[in-house]
*Asks:* 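This is the structure, below, for whatever I ask next.
What you are looking at is a predicted structure, and each value in this text was computed from that prediction instead of being measured.
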Amino acid sequence: DRGSREVDERSDRGNGFLSDVCADWERSTEEAEAAGVRVVHLRIGLVLSARGGALGTLARIFRLGLGGRVGSGRQGMSWIAVDDLIAAVLFSIVTPSVFGAVNGVAPEACSNRDFGRTLARVLRRPFLCPAPAPAIRLVLGELGDQLLLRGAFVKPTKLLDHGFRFAFPSLERALRFQFGRVDG
């Protein structure tokens, strides 16, 4: 959790479960790197696909008219459209100058509140029902705290610096494409 401060691949790692998992996972490739293998550690944000995953679950909640911010709503949400993620994986494979940590996120991270408002607008549903932090902690415990109540505004600096072009750099455009709502 970094508050409103933006982070990228050069930032110090955070604290907690997700940071520990990421560090352990990346450390597991040290032998390959020592042997001269080019290794890319793709750090993937929330993947947007209307077919399922977190967005599919959120869409069901919002379609019922129960959408709202989670906790304070100020926590950062770093996301990527599934099409851009696939393109970023391919780009990382075929671009020899890309190695190490690579943030697989769109260039426009947003707050949880802005994410929810945009999703509600795209689905033409209200944005009224907050999920209070104590309720999240009661139902999901520490996992809910780590996954839903904390966040970071992550930038894909390495992808951008190497010339990667996002098809869906804005949240609204990505969501409209996923839900077939190109009519604005």
Side-chain angles (χ1 to χ4, degrees), residues 1-14 16 18-56 58-59 74-119 121-122 147 150-184:
D1 188 25
R2 302 298 180 97
S4 61
R5 189 178 45 166
E6 290 182 347
V7 296
D8 69 5
E9 294 89 348
R10 298 170 300 221
S11 301
D12 293 335
R13 86 178 189 96
L18 294 177
S19 294
D20 293 344
V21 168
C22 185
D24 290 346
W25 192 342
E26 291 176 2
R27 214 175 3 263
S28 74
T29 65
E30 288 175 352
E31 285 184 36
E33 289 177 274
V37 175
R38 180 175 65 95
V39 174
V40 175
H41 300 287
L42 199 58
R43 298 171 175 174
I44 303 170
L46 174 66
V47 179
L48 301 185
S49 172
R51 294 183 148 202
L55 183 59
L58 284 172
R74 292 187 300 271
Q75 64 274 32
M77 289 188 68
S78 299
W79 57 273
I80 187 168
V82 66
D83 301 79
D84 281 337
L85 175 59
I86 293 166
V89 169
L90 181 59
F91 181 84
S92 297
I93 291 170
V94 302
T95 309
S97 59
V98 173
F99 62 92
V102 175
N103 291 331
V105 296
E108 295 183 12
C110 61
S111 69
N112 171 271
R113 180 186 316 256
D114 290 341
F115 185 95
R117 284 184 177 148
T118 304
L119 179 58
R121 184 172 50 252
V122 168
L147 293 176
R150 298 180 188 184
F153 293 88
V154 180
K155 289 292 188 188
T157 301
K158 199 172 277 188
L159 284 174
L160 293 171
D161 286 351
H162 284 84
F164 182 77
R165 303 249 187 250
F166 287 85
F168 302 97
S170 81
L171 178 61
E172 184 146 354
R173 182 173 175 191
L175 291 174
R176 287 192 180 286
F177 180 79
Q178 284 301 313
F179 293 109
R181 298 279 173 98
V182 293
D183 55 349

*Asks:* State whether the number of non-hydrogen atoms from other residues, nucleotides or ligands found under 6.0 Å of Asp12 atom CG is greater than 12.
*Replies:*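 No, not enclosed.
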*Asks:* Short question: side chain of Arg13, backbone of Ser19 - any donor-acceptor pair under 3.5 Å?
*Replies:*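 Yes, the answer is positive, given that a donor and an acceptor are paired below the 3.5 Å cut-off.
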*Asks:* Take Phe177 and Asp83, measure what side-chain contact (heavy atoms from CB on, under 4.5 Å) needs, and give me the verdict at the end.
*Replies:* CA-CA 10 Å; Phe177 180 79; Asp83 301 79; 3.8 Å; yes
*Asks:* Is the Lys NZ or Arg CZ of Lys158 less than 6.0 Å from the centre of Phe164's six-membered ring, within 45° of the axis?
*Replies:*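 Here Lys158 fails the 6.0 Å and 45° test against Phe164.
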*Asks:* Arg10: which residues meet the side chain to side chain donor-acceptor pair (under 3.5 Å) condition with it, sequence neighbours left out?
*Replies:*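 Counting only residues at least two positions away or on another chain, Arg10 forms a side chain to side chain donor-acceptor pair (under 3.5 Å) with Asp8.
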*Asks:* Applying side-chain contact (heavy atoms from CB on, under 4.5 Å) to His162 and Val102, what does each step give before you reach the verdict?
*Replies:* CA-CA 11 Å; His162 284 84; Val102 175; over 6 Å; no
*Asks:* Are any of the side-chain heavy atoms of Pro156 and Phe166 separated by less than 4.5 Å?
*Replies:*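 SC-SC contact between Pro156 and Phe166 confirmed.
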*Asks:* Hey, what do you get for CD (Glu6) to CZ (Phe153), rounding to the nearest 0.5 Å?
*Replies:*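 Glu6 atom CD to Phe153 atom CZ measures 8.5 Å (nearest 0.5 Å).
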*Asks:* Measure across Glu108 and Leu171 and return the closest heavy-atom pair with its distance rounded to 0.1 Å.
*Replies:*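 Looks like OE1-N, 4.5 Å.
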*Asks:* Does any part of the side chain of Lys155, heavy atoms only, come nearer than 4.5 Å to the side chain of Asn103, both counted from C-beta?
*Replies:*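 No, side chains not in contact.
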*Asks:* May I have the step-by-step check of side-chain contact (heavy atoms from CB on, under 4.5 Å) for Val98 and Phe91, ending in yes or no?
*Replies:* CA-CA 9 Å; Val98 173; Phe91 181 84; 4.0 Å; yes
*Asks:* Count the heavy atoms belonging to other residues, nucleotides or ligands that lie under 6.0 Å from CZ of Arg121, then report whether that count exceeds 12.
*Replies:*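 Atom CZ in Arg121 is crowded, with more than 12 foreign heavy atoms closer than 6.0 Å.
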*Asks:* With a 4.5 Å limit on heavy-atom distance, are the side chains of Val154 and Glu9 in contact?
*Replies:*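 No, their side chains stay 4.5 Å or more apart.
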*Asks:* To the nearest 0.5 Å, what is the distance between SG on Cys110 and CZ on Arg117?
*Replies:*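 The SG atom of Cys110 sits 11.5 Å away from the CZ atom of Arg117.
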*Asks:* I'd like to know if the side chain of Ser78 reaches the main chain of Ala152, judged simply by a donor and an acceptor atom lying under 3.5 Å from each other, with no hydrogens or angles considered.
*Replies:*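 Side chain of Ser78 to backbone of Ala152, a donor-acceptor pair under 3.5 Å: yes, one is there.
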*Asks:* Would Trp79 and Leu55 count as a side-chain contact (heavy atoms from CB on, under 4.5 Å) here? Give the steps.
*Replies:* CA-CA 10 Å; Trp79 57 273; Leu55 183 59; over 6 Å; no
*Asks:* Can a cation-pi geometry be assigned to Arg173 and Phe168, taking NZ or CZ under 6.0 Å from the six-membered ring centre and within 45° of the ring axis?
*Replies:*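 Here Arg173 passes the 6.0 Å and 45° test against Phe168.
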*Asks:* Rounded to the nearest 0.5 Å, how far does CZ of Arg74 lie from CZ of Arg150?
*Replies:*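 Rounded to the nearest 0.5 Å, the CZ-CZ separation comes to 14.5 Å.
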*Asks:* Could you measure the distance from the CG atom of Leu119 to the CG atom of Asp114? Nearest 0.5 Å is fine.
*Replies:*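 Reported to 0.5 Å precision, the distance equals 12.5 Å.
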*Asks:* Can you name the nearest heavy-atom pair linking Ala106 to Pro169, along with the distance?
*Replies:*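 Between these two residues, the closest heavy atoms are CB-O, 4.2 Å.
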*Asks:* Tell me if a side-chain donor or acceptor on Ser49 pairs with a main-chain N or O of Arg51 at a distance below 3.5 Å.
*Replies:*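 Side chain of Ser49 to backbone of Arg51, a donor-acceptor pair under 3.5 Å: yes, one is there.
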*Asks:* Are any of the side-chain heavy atoms of Leu46 and Met77 separated by less than 4.5 Å?
*Replies:*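 In short, these two side chains touch, coming nearer than 4.5 Å.
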*Asks:* For the CZ atom of Phe179 and the CG atom of Leu48, what is their distance to the nearest 0.5 Å?
*Replies:*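 Between Phe179 CZ and Leu48 CG, I get 8.5 Å after rounding to 0.5 Å.
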*Asks:* Nearest 0.5 Å, what's the CG-CZ distance between Leu159 and Arg165?
*Replies:*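 CZ of Arg165 is found 12.5 Å from CG of Leu159.
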*Asks:* If the threshold is 4.0 Å, N to carboxylate O, is there a salt bridge linking Glu26 and Arg43?
*Replies:*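 Here Glu26 pairs with Arg43 in a salt bridge, since their nearest N and O are under 4.0 Å apart.
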